[in-house]
Amino acid sequence: MAKSKQQVQDSLLYRIRHSSAHIMAEAMLERFPEAHIAIGPPIEDGFYYDFALPRPVNDEDMAWVENRMKEIIRGGFAFTVKEVSPDEARTFFAKQPYKIELINDLVEGRVDENGAEIAAPAEKLTFWTQDTFTDLCRGPHVENTRQINPDAISVTFKPPAGAYWRGDEKREQLTRIYGTAWETPEQMQEYLHLLEEAKKRDHRILGERLGLFTISQLVGKGLPLWKPYGAILRDTLERWLRQTQIDNGYLPVVTPHIAKLDLYKTSGHYPYYKDSQYAPIKVDDDEFLLKPMNCPHHIMIYKSEMRSYRDLPLRLAEFGTVYRYEQSGELNGLTRVRGFTVDDAHLFVAPNQLLEEFKKVVSLIQNIFNSLGLTDFRARVGTRDPESDKYVGSDVLWERATAAIIQACEDLKLPYTIESGEAAFYGPKLDFMVRDVLKREWQLGTVQVDYNLPERFDIEYVAEDNTRPRPVMIHRAPFGSMERFIGILIEHFAGVFPVWLAPVQVMMVPIADRHYEYADGVAAQLRSAGVRVEVDKGKGRMGGKIREARERHIPYMLIVGDKDMEAQTVSVRMRTDEDLGALPLADFQKMIVGLIESHSLELK
RNA sequence: GCCUUUGUAGCUCAGUCGGUAGAGCACACCCUUGGUAAGGGUGAGGUCAUGGGUUCAAUUCCCAUCAUAGGCUCCA
């Protein structure tokens with residue numbers, strides 16, 4: 001059962017983390033007496049505190065602070081609370097400008113320390129004190145620092161980071177120190193271990209080691225180059241999805257990577273996302289834009305013919321590559337790039353077909369994720385923030401679209417949460433949030449309902465009664481971006497891909513040179529059955545070849561020597577180190593082809 | 001874009017308190033023909049990210065740029 005907010009705040013762990021933040025601030029103020037303190041809340045897995053400091057912090061500072069925190073904890077200081085008037089608070093924090101700002105906002109009834117609006121102006125404020133440190137804080141805290149285990153906290157586990165005051169990029173940047181805190185040292189070790197596991201799965205490192213992709217400075221950052229093994233993986237996924245879509249009534253289209261600027265002015269993308277697009281290219285008297293979205297192109301295909309209600313739903317699909325000038329600090333391996341391919345499709349439907357078609361799309365995406373072993377997902381329904389003016393279109397249309405999405409989730413019994421302000425500018429959306437094996441949540445596929453672009457482009461169809469209604473559009477991409485999705489897959493599988501996705505499925509390991517010919521023959525036969533095979537003719541002994549194939553997570557190693565040649569067998573060793581012994585080639589072939597065709601996650 | 005970190009061979013890293021560099025892996029050649037997690041030898045490979053500055057002298061110190069990592073902000 002979900003815990004209420006109050007229960008979470010009262011939990012021991014929450015109080016340990018909150019109190020640890022105060023203790024860190026105390027230690028930091030000893031190290032940097034001229035520091036200005038901002039806020040220090042508990043967060044998932046720990047806490048942080050933001051400071052304005054006279055100089056950058058270094059490892060030595062952090063080690064000192066951590067040690068000092070442990071001393072303070074061992075000191076057995078009580079946490080005490082006191083009510084103060086706004087004036088007392090202002091006097092106490094006279095030299096702490098961020099605290100003064102917080103006090104003023106609380107007293108004048110604007111927002112609390114988290115930026116949330118408060119119901120009424122505060123007449124009394126609370127101070128919490130431990131040892132020499134007092135903070136403006138509403139608590140709760142542990143009763144005594146002894147309730148914190150000094151060996152279950154760390155502030156050196158993560159480097160200091162920059163963070164804008166109140167999350168506003170227009171305001172000054174503070175130094176944020178992250179800490180982690182747990183009830184027992186074992187729990188902390190477990191957490192640190194999980195962080196290490198995540199690091200080992202880093203797709204940027206695995207991608208390099210497994211030869212999947214590379215990023216060249218000369219080509220440009222955020223513009224990944226797919227190497228053969230990565231391209232095989234990607235192509236396998238694309239072919240599978242393409243076929244699945246054809247089976248579900250989608251029609252392929254292909255559109256160029258560039259178009260006239262006016263196209264995106266009509267769609268609204270250009271004015272709206274100007275800052276994150278590559279600048280327009282001037283040629284003669286025209287201006288062109290590298291395509292930031294596929295939808296306008298697909299709309300022009302829709303518009304190229306007179307459409308009848310008989311044509312709907314019309315489902316146009318394309319692996320369309322788009323370019324966005326993402327902020328440089330955002331770029332990250334394959335998961336955030338400047339050029340990427342969307343497994344895009346735009347569905348043009350009659351208004352009364354919307355719900356049914358939307359549900360079909362959602363269940364198609366569910367099936368796709370399930371077949372990849374990504375079974376832990378939920379839906380996030382992104383709606384319009386009523387306060388914001390960044391959205392286009394009328395209220396009626398937004399309400400209709402939002403209602404359709406929620407209805408679909410209900411009908412499909414898909415768990416969902418509604419998040420205000422997460423919509424696209426032209427319509428509400430449903431995002432698939434997927435948890436990988438390390439329980440990290442990623443945003444993957446997205447489905448959006450759109451009444452606005454049909455209007456902007458003035459598209460219509462001829463209805464049964466000879467009227468000309470507008471179709472509704474559904475934008476959808478199960479993977480989202482091939483780059484990002486494969487980055488996540490690499491981490492999810494830790495580079496150990498299911499057989500059907502493995503770039504190399506079988507490595508032949510001939511024992512001596514005289515077995516090359518036999519190995520080549522086996523490889524040729526498997527290849528003709530559609531299996532991806534390599535023959536290791538490198539120098540070195542069998543042990544080395546096995547070691548290398550294991551490290552590349554190649555599902556099967558087929559060792560062939562005199563005995564195998566004589567018996568016309570292959571000795572099968574799997575990457576799990578399980579040995580299947582000598583099998584007739586035909587038996588092995590039957591097994592692996594079956595596993596590949598069924599997209600099995602198993603090796604036998 | 002902003003704050004902080006880092007940038008030495010294809011990869012992982014050592015080193016130079018300022019006098020132009022070294023290891024392992026990988027690669028090439030030779031020897032070895034070995035039945036389930038690294039056989040041995042030799043060799044090639046670096047404008048020490050780039051551009052400025054300080055200095056008799058810069059890979060080393062300073063500045064800028066580019067790239068990288070951790071965050072913040074943003075994400076159609």
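In what follows, every chain begins at residue 1, and chains take the letters A, B, ... in the order their sequences are listed.
In this pair, Y273(A) lays its aromatic ring flat on the base of A76(B), centres within 5.5 Å and planes under 30 degrees apart.
Scored by the side-chain contact (heavy atoms from CB on, under 4.5 Å) test, A512(A) finds R514(A), H515(A) as partners (sequence neighbours excluded). Considering only residues two or more places apart in sequence or on other chains, R476(A) meets the side-chain hydrogen bond (donor to acceptor under 3.5 Å, both in side chains) condition with Q245(A). Contacts of Y416(A) classified as ring pair (Phe, Tyr, Trp, His ring centres under 6.0 Å), with partners at least two apart in sequence or in another chain: none. Residues forming a side-chain contact (heavy atoms from CB on, under 4.5 Å) with R552(A) (at least two apart in sequence, or on another chain): Y229(A), V504(A), M507(A), E534(A), E548(A), I554(A). F358(A) meets the ring pair (Phe, Tyr, Trp, His ring centres under 6.0 Å) test with no other residue; sequence neighbours excluded. Partners of Y325(A) under the ring pair (Phe, Tyr, Trp, His ring centres under 6.0 Å) rule, at least two apart in sequence or in another chain, are Y278(A). In this structure W398(A) satisfies the ring pair (Phe, Tyr, Trp, His ring centres under 6.0 Å) test together with Y391(A), sequence neighbours excluded. For E34(A), the side-chain hydrogen bond (donor to acceptor under 3.5 Å, both in side chains) test picks out no residue, with sequence neighbours left out. Judged as a side-chain hydrogen bond (donor to acceptor under 3.5 Å, both in side chains), and not counting sequence neighbours, R338(A) has no contacts.
Nearest-nucleotide mapping onto RNA chain B: of T175(A) and T446(A), the residue sitting toward the 5' end is T175(A). Between D577(A) and E208(A), the residue anchored closer to the 5' end of RNA chain B is E208(A), taking for each the nucleotide with the nearest heavy atom.
Using a 4.0 Å cut-off between charged nitrogen and carboxylate oxygen, R380(A) and D431(A) count as a salt-bridge pair. We find that E197(A) and K200(A) are joined by a salt bridge, their nearest charged nitrogen and carboxylate oxygen being less than 4.0 Å apart.
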Using atom names, set out every protein N or O paired with an N or O of nucleotides 30-33 of chain B below 3.5 Å, distance rounded to 0.1 Å.
residue: U33(B); atom: O2'; partner: R514(A); partner atom: NH1; Å: 3.3
residue: U33(B); atom: O2; partner: D513(A); partner atom: N; Å: 2.8
residue: U33(B); atom: N3; partner: D513(A); partner atom: OD1; Å: 2.9
residue: U33(B); atom: N3; partner: D513(A); partner atom: OD2; Å: 3.0
residue: U33(B); atom: O4; partner: D513(A); partner atom: OD2; Å: 2.7

Check nucleotides 6-9 of chain B against the protein and report each pair of N or O atoms closer than 3.5 Å, with its distance, or say if there are none.
none

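Note on R171(A): nothing from the nucleic acid sits closer than 4.0 angstrom, heavy atoms only. When heavy atoms are screened at a 4.0 angstrom cut-off, G561(A) is found touching base atoms of the nucleic acid. Base contact: Q277(A) has a heavy atom under 4.0 Å from a base atom. Counting non-hydrogen atoms under 4.0 angstrom, P159(A) reaches the backbone sugars and phosphates but no base.
Taking the P atoms as reference points, C62(B) lies 36 Å from A44(B), given to the whole Å. Taking atom P in both G7(B) and U59(B), the straight-line distance is 16 Å, to the nearest Å. Of the C1' atoms belonging to A58(B) and U47(B), the separation is 12 Å, rounded to the nearest Å. One C1' atom belongs to G1(B), the other to A57(B), and the distance between them is 40 Å to the nearest Å. Distance check on atom C1': C63(B) versus G24(B) gives 36 Å, rounded to whole Å. With both ends at atom P, the span from G71(B) to G41(B) equals 44 Å, rounded to whole Å. Comparing G10(B) with A28(B), their C1' atoms sit 14 Å apart, to the nearest whole Å. When the P atom is used for both U16(B) and A21(B), the distance is 14 Å, rounded to whole Å.
The base of A67(B) is not paired with the side chain of S328(A) by any donor and acceptor separated by under 3.5 Å. You'll find a donor-acceptor pair under 3.5 Å spanning the side chain of R336(A) and the base of C75(B), going by distance alone. In the interface, the side chain of D275(A) is not paired with the base of G1(B) through any donor and acceptor atom under 3.5 Å apart. The base of C72(B) has none of its N or O atoms less than 3.5 Å from a complementary donor or acceptor on the side chain of R166(A).
Scanning RNA chain B for stems, defined as runs of 3 or more consecutive Watson-Crick or G-U wobble pairs whose donor-acceptor distances all fall under 3.5 Å, gives the following ranges: B:1-4 with B:69-72, B:10-13 with B:22-25, B:27-31 with B:39-43, B:49-53 with B:61-65.
Taking the six-membered ring where the residue is Trp, Y426(A) and H475(A) present parallel rings, their angle staying beneath 30° rather than reaching 60°.
OP1 and OP2 of C75(B) both lie 4.0 Å or more from every side-chain N or O belonging to Y272(A).
Nearest to the side chain of K158(A), among G35(B), C2(B), G70(B), sits G70(B).
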F425(A) and H269(A): ring pair (Phe, Tyr, Trp, His ring centres under 6.0 Å), yes or no, with the steps? CA-CA 9 Å; F425(A) 76 92; H269(A) 289 109; 5.6 Å; yes
